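Heads up: the structure comes next, in structure tokens.
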Number of protein chains: 2
Amino acid sequence: MVKNTGRPGYLQIADDLRAQIRGGSLAPGTPLPSTTRLAEQYDASLSVVKLAVGVLRTEGLVIGQQGKGVFVRDTTEQPPPAGGGDTAGEVAELRAAVQDLSARLAKVEEQLATSTTRRPGRSSR
Amino acid sequence: MVKNTGRPGYLQIADDLRAQIRGGSLAPGTPLPSTTRLAEQYDASLSVVKLAVGVLRTEGLVIGQQGKGVFVRDTTEQPPPAGGGDTAGEVAELRAAVQDLSARLAKVEEQLATSTTRRPGRSSR
DNA sequence: CGAGCCAACTAGGTTAACTATGTTGCTCAC
DNA sequence: GTGAGCAACATAGTTAACCTAGTTGGCTCG
């Protein structure tokens with residue numbers, strides 16, 4: 001499938017496509033590969049690809065046109081309601097928070113795994 | 001099965017839940033009915049309900065906690081219109097990630113703290 | 001009485017199949 | 001050469017089924 005992180009596959013694909021869009025690898029107006037093609041690319045089932053595209057659609061990053069394809073939205077035609085322009089900073093802050101929390105979580109979960117021999121079952125994927 | 005408008009069912013349900021949340025009918029912190037219950041309420045299949053909840057999740061309006069339920073996010077600190085698309089979606093997603101990680105961290109830290117001292121059964125109810 | 005197991009709920013993820021609808025390009029008849 | 005029709009491919013929506021995983025509370029058994 002995709003990878004073996006805790007993150008579900010359809011989000012991984014959505015992340016990847018989102019990164020490509022933001023990185024300019026997929027320019028506004030250009031179509032994404034078809035769902036079947038994406039399914040092959042990511043070695044995923046059609047369903048997860050459709051889910052991933054659905055996520056990007058609800059995020060407004062892409063626009064699906066039935067019969068034609070899924071196109072990258074022109075970000076300039078609908079500028080986000082910048083709540084003061086600090087959205088970039090906010091994103092950075094949130095990212096940092098995620099990193100921090102992830103690290104703490106990993107550490108604490110490890111502690112828990114090693115210190116507790118009384119809990120049955122608990123395992124990883 | 002919802003109505004006969006052109007709008008797909010899963011979006012109708014998402015709209016309705018979103019309206020209830022914004023209207024205060026579903027206060028922050030309160031759980032949504034379970035998916036099976038929602039499916040009965042709207043006379044829809046489980047799949048469309050799950051899709052609807054998924055939409056609200058990616059919008060950051062609700063947070064699903066496995067095993068417990070889907071809870072309304074604190075909307076006062078979170079009024080972004082979903083149409084924003086660009087960074088709004090990413091911010092929402094990051095916020096959701098932070099909340100999720102925080103929840104997991106809190107849970108796991110509590111486990112760690114209690115497991116070193118005593119063995120609790122249940123905590124709150 | 002208490003610790004632990006278990007059963008019943010919960011959400012989440014994945015897959016597959018089917019239908020509907022729209023677009024596009026090709027072919028073929030005239 | 002032009003137009004109609006059709007086949008192939010596209011997204012979109014819906015449904016159903018199965019599995020994982022977390023939470024909770026009751027029940028049993030030592």
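It should be emphasised that the depicted structure is a prediction, and the values quoted were computed from it without experimental measurement. All values below were derived from every heavy atom in this structure, side-chain atoms included, with hydrogens, water molecules and symmetry-related copies excluded. Below, read A as the first sequence line, B as the second, and so on, with proteins coming before strands; counting in each chain starts at 1.
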Can you check the [X] [atom1] to [N] [atom2] distance for me, whole Å?
X       : N      : atom1 : atom2 : result
A/Leu11 : C/dG13 : CG    : C1'   : 10 Å
A/Leu46 : C/dT19 : CG    : C1'   : 15 Å
B/Ile13 : D/dG13 : CD1   : P     : 13 Å
A/Lys50 : D/dG13 : NZ    : P     : 9 Å
A/Phe71 : D/dA12 : CZ    : P     : 10 Å

Contacts of type side chain to side chain contact (heavy atoms under 4.5 Å, CB included), residue [X], not counting sequence neighbours:
X       : value
B/Gln20 : B/Asp16, B/Leu17, B/Ser25, B/Leu26, B/Tyr42
A/Pro31 : A/Phe71
B/Ala14 : B/Arg18, B/Ala52, B/Val55, B/Leu56
B/Ser47 : B/Ser45

Query raised in the report: Under 4.0 Å: is that the gap between some side-chain N or O of B/Tyr10 and OP1 or OP2 of D/dT14?
Result: no
Requested in this report: Check whether any side-chain N or O of A/Ser47 sits under 4.0 Å from OP1 or OP2 of C/dT15, and answer yes or no.
Outcome: no
Taking only N/O atoms, report every protein-nucleotides 8-11 of chain D pair under 3.5 Å with atom names and distance.
residue : atom : partner : partner atom : Å
D/dT11  : OP1  : A/Thr35 : N            : 2.9
D/dT11  : OP2  : A/Thr35 : N            : 3.3
D/dT11  : OP2  : A/Thr35 : OG1          : 2.7
D/dT11  : O2   : A/Gln66 : OE1          : 3.4

Query raised in the report: Between CG of B/Leu61 and CZ of B/Arg73, what distance do you get to the nearest 0.5 Å?
Result: 8.0 Å
Report summary line: Applying side-chain hydrogen bond (donor to acceptor under 3.5 Å, both in side chains) to B/Ser34 and not counting sequence neighbours gives B/Thr36
